[in-house]
Every structure is written in structure tokens, then in C-alpha cells.
Number of protein chains: 2
Amino acid sequence: MYDDLKYWYLRDHKLFKTLSFGDIKQLCIITGFKKAKKGEIIYFSASDVPRIFLLKKGNIKIVAVDEDGNESIKDIIQKGDLFGELGLESDNESNEYAKVLSDDVAICSFLLSDFEDLLLRNPNLALSYTKFVGLKMKRIKNSYSNLISKDAKTRLSLFLKDWAEREGVASGSTIVIENYLTQNDIAQIICTSRQTATQLLNEMESNGLISYNRKEIILKDIYKF
Amino acid sequence: MYDDLKYWYLRDHKLFKTLSFGDIKQLCIITGFKKAKKGEIIYFSASDVPRIFLLKKGNIKIVAVDEDGNESIKDIIQKGDLFGELGLESDNESNEYAKVLSDDVAICSFLLSDFEDLLLRNPNLALSYTKFVGLKMKRIKNSYSNLISKDAKTRLSLFLKDWAEREGVASGSTIVIENYLTQNDIAQIICTSRQTATQLLNEMESNGLISYNRKEIILKDIYKF
DNA sequence: TGGGTTTTGCAAGCTAGCGGACAAATAGCT
DNA sequence: AGCTATTTGTCCGCTAGCTTGCAAAACCCA
């Protein structure tokens, strides 16, 4: 019964659509499953055996701590996203943890080595997975070039637009986003200081572009972003 | 005979080490081969069928042109590197070209679709390739976090160190790099203005850290970087 | 309901580094 | 050798956005 649950959690991810019933069963045997509540911190990498994680429910942020102890947001992971050692190579230097942003989350995970075996036995999955990693790479490249050539205001606009497209609920050209990020989080994502982010958000609000509060962000007209 | 040449060009790339003789022959049938000289510009993507390229000899830079016509260096490709649609998904929006930096280059290429077939038939290659893409991604992530948290001077140091490790010829703690980049190129790679790059390089030279000219860069003591 | 914690708002000085301008040096070409 | 194009060196004004510092507002939970 519990195994069945895990089965379905994996089954409905698009990446695993191509797998046979047996293959998923196999992966399920070694699947871990975990729930956590808002604010909890989940450590991975480093100490533990390398794993791939699949976020089934909720949102988390991946935070990296550098040599000097500074924390920076590496990624925001949403329902359905894979995270962890996506490159299939364990890098021990990186010191990261995940923090739960939504009320609660459900995460499944499997060992990197087992996942590799699965890829070897399923060329189609391997190809899909490669494209998936490629897509992740393209995203990062895009953030990188934005950081180089666009100012903070533009980066904020682009981020809001992207966020709205990924998670927003539209009614006409107005989009409502459930806001589970603090202004500090947003600032880190668009690579600016908290103060600048605050200032820009207020500016957008007084220009009538958005309506902002701690619960939700409303983009009045998505076409203006 | 010409086919044999192409065979060897592919054969000695570490990614293709696991392939059987027959597999490579197969890939060779559809392999393109091309030579070019310094300063030449090679267009790819967009107009053409999507391809993966393998630089067999020399150096090139990948330059992207954005909507406003600004050019920016996306990547420096060296002997043995793959480039092109590495994510295996053709993106038409991107407008890029390659410019030859070394005296001459040799490039082989194969169609994306043929490469995909090959991956499907060779799970081991697929896995290696995924790791290779993952590694590329890790590099970009690293540049990104450098850009966020390090100043121009530090980024220049890190870049020189990295360059030296990849291509430099060491004698003791001194490393000599063949310099095929202009200061403008270097500036773009470390994401700063040409003026700042010039100033920083001269500063490092007068501090005795490096010795710079258009032909070569000598890092006096790699441990100081 | 009240006290502590986290988040947001606002002001002002400061600085890294951009960008324009121009001259000198070097490379490339015929 | 001479001419042109490219690259490098330098100076300097300007500004986006970082930092420091503090206060108000919202949230959390016992």
C-alpha cells in the first residue's frame, strides 16, 4: 500500500511516463519518501549518499552557504520539479540545504546509482533526462545573460512575468500569483539588494503595474511585462 | 580514406571511447568536416538543421547577438570541446555565430537527430553525455555565482587561474598561457568593461603578479591566484 | 492579547565600475 | 615601407545600486 503510493508519486511525473510498470516498481523499491512543514530545513548532499529528489507537493528554496557564511538562493523548486545531483556527479564542495516555503511538502528521492542503472536500461528515459538537464542549463544561461545586460528593474519585471506564467492564475490579462516569497527572497533571485527590490516593487505598485502584499501578487496586465 | 580521417577525429574524443567500431562508422557517414582560418565567422543554428559540433583543432569564440545588436561572448571553445545544441533541443530564438581565434581550426559536426539515435542505441554513451552536459551546467552556475558575489578583480584572477589550469604550460609555479584573446574578449568573459579589464591587467602587471602581452600571459606564481 | 520576531519602508552617503573621448602602440596588408 | 585597422592605455564624470541605520508594520504563537 505504501509502495503503491510511492509508485503513483513517481508515475505521474512526465519524465517517467515512458517507463514500464516493472521499471517504476524497481525504482520504487529504493525510493525514499518524506514530508515536512513550513520553515523546516532539509539537508542533503555532502554527508549523505548522492540522491535525486522529486518534489511532489509544495515549494522549497535551495540555499547555498559559501566559505564566508553568506547565504544565497540557488533555486526555487516547485511541485513536479527534480532537484539534487542533476548532473549525476556528486560534488562534495557545495554546501547546500533546502528550506520549506509552503505549508507542507512531500518529497521522494532515489539513489543516484540506482537512477543511473535505470537510465542505462531505458535509453528513452536517458534521452528525455538529458533534454531535461539541457533545459535547466538553458534557464541558467538565460539568467546569466539577464544579469549581464539588464538592470535591476528589468530583471524584476522578467522574473515576475516568468513566475506568473509558471504559477499564476489568469483572468483575462490580470494574473494572480500566490506569494510565498519574502522581498528578500525576490531580491536574491534577481540578484539585487533587499532595499532595491523593495523600492522597485513599491514603484511598480504606485505605477499601477502590480498590487503587492504578503499573500499574493497581482500583475494588473501581463502584457505590460 | 577521407571517411577514415573523420573516424579518427571522432574516435579519440573521450566521450566516444565507449562506442564500437561500427557505431562510429555509422556516425561518420553523416559527419560533416570543415576547416577555417583565423578571423573567419562560422554561422550555425537558426537557418541550418540543428547540429552538434566537435572542435578538433584550434580555438573559437561563440558570440551571441541580442535584439539590440549588442554582441556578447557566450563561450570560448577549445580543442576537443563539443558545442552547438548541447541540450538536444533546437532553440531558434538564439542568434549566435562562431569566430575563429587561432590560426586555423578543424570542426566536425553531425546532425542532432542522428546523434539522438546513437544515444538511444548506446545507453552508456547517453549516460556519459548527460554527465558532460551536467558538467557544463555546473560551470555556468559557477560563473553566475562569481558574478553575483565577486568583484571584477577577483573574477579576473579566477579566470586567469582557470585558463592557466586548462591550457597553461607550467614550469614550477610559473605558468605560461598562449594568449589568443584581446583585452576586450577577456573583459566580456569576466563581465566587465574593456577599460576596467585593461586597468586591472596593468595593475596585476605592476604588482608583479603577471607579465602580459598580446602573445602570451605569464602567471608568475599560480599559488597567488 | 501581548510580546517577540520577521518583514517591509525609507533616507542618505558612498563607490565600483560603466562609458565617452582620445592618443599611443601594435598588427596586418599590399 | 607605408597605410589602415585594431588593440591598448589613460583620464574622468556619472550613476545604479549597495550599505548602514532606523522605524513602522505585519506576523506568530503562547
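Within every chain, numbering begins at 1; the chains are lettered A, B, ... in the order of the sequence lines, protein sequences first and strands thereafter.
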Please check this pair: side chain of A/T174 against backbone of A/K220, looking for a donor-acceptor N/O pair closer than 3.5 Å. yes
Which of C/dG19, C/dG9, D/dT8 is nearest the side chain of B/S193? It is C/dG19
Which whole-number value in Å describes the distance from A/Y212 OH to C/dT7 P? 11 Å
Send over the distance from A/L147 CG to D/dA16 P, rounded to a whole Å. 17 Å
When you get a sec, tell me which of C/dG17, D/dG17, D/dT10 is the closest nucleotide to the side chain of B/T198? D/dT10
Heavy-atom nearest nucleotide on DNA chain C for A/L181 versus B/K153: which residue maps closer to 5'? A/L181
Nearest-Å distance, NZ (A/K215) to P (C/dT8)? 11 Å
Side chains of A/T196 and A/S193 only: does a donor on one sit below 3.5 Å from an acceptor on the other? yes
Starting from P on C/dT6, measure out to OH on A/Y180 and report it in whole angstrom. 22 Å
Tell me which nucleotide among D/dT8, D/dG17, C/dT7 gets nearest to the side chain of A/R214. C/dT7
Look at all strands and tell whether A/T182 reaches a base, only sugar-phosphate, or nothing, counting heavy atoms closer than 4.0 Å. sugar-phosphate
The single option from A/N202, A/I177, A/I217, A/L160 passing side chain to side chain contact (heavy atoms under 4.5 Å, CB included) against A/Y212: A/I217
Specify the separation, in whole Å, of atom CD of B/Q183 and atom P of C/dA27. 13 Å
Would you kindly check whether a donor in the side chain of A/Q195 faces an acceptor in the base of D/dT20, or vice versa, at under 3.5 angstrom? yes
Return the value, rounded to whole Å, for the distance between atom CD of B/E216 and atom P of C/dA27. 13 Å
So, does B/R51 use its side chain to make a donor-acceptor pair with the main chain of B/E85 at under 3.5 Å? no
If I take atom CG in residue B/N184 and atom P in nucleotide C/dA27, what distance separates them, rounded to the nearest angstrom? 17 Å
Of the listed nucleotides D/dT8, C/dG17, C/dC10, the one nearest the side chain of A/N202: C/dC10
Step by step, would you call A/M137 with A/F132 a side-chain contact (heavy atoms from CB on, under 4.5 Å)? CA-CA 9 Å; A/M137 181 163 70; A/F132 164 79; over 6 Å; no
Is the base of C/dG17 touched by the side chain of B/R194 through a donor-acceptor pair closer than 3.5 angstrom? no
I need the CD-P distance between B/Q199 and C/dG20, as an integer number of Å. 17 Å
Phosphate OP1/OP2 of D/dG17: any A/T196 side-chain N/O under 4.0 Å: no
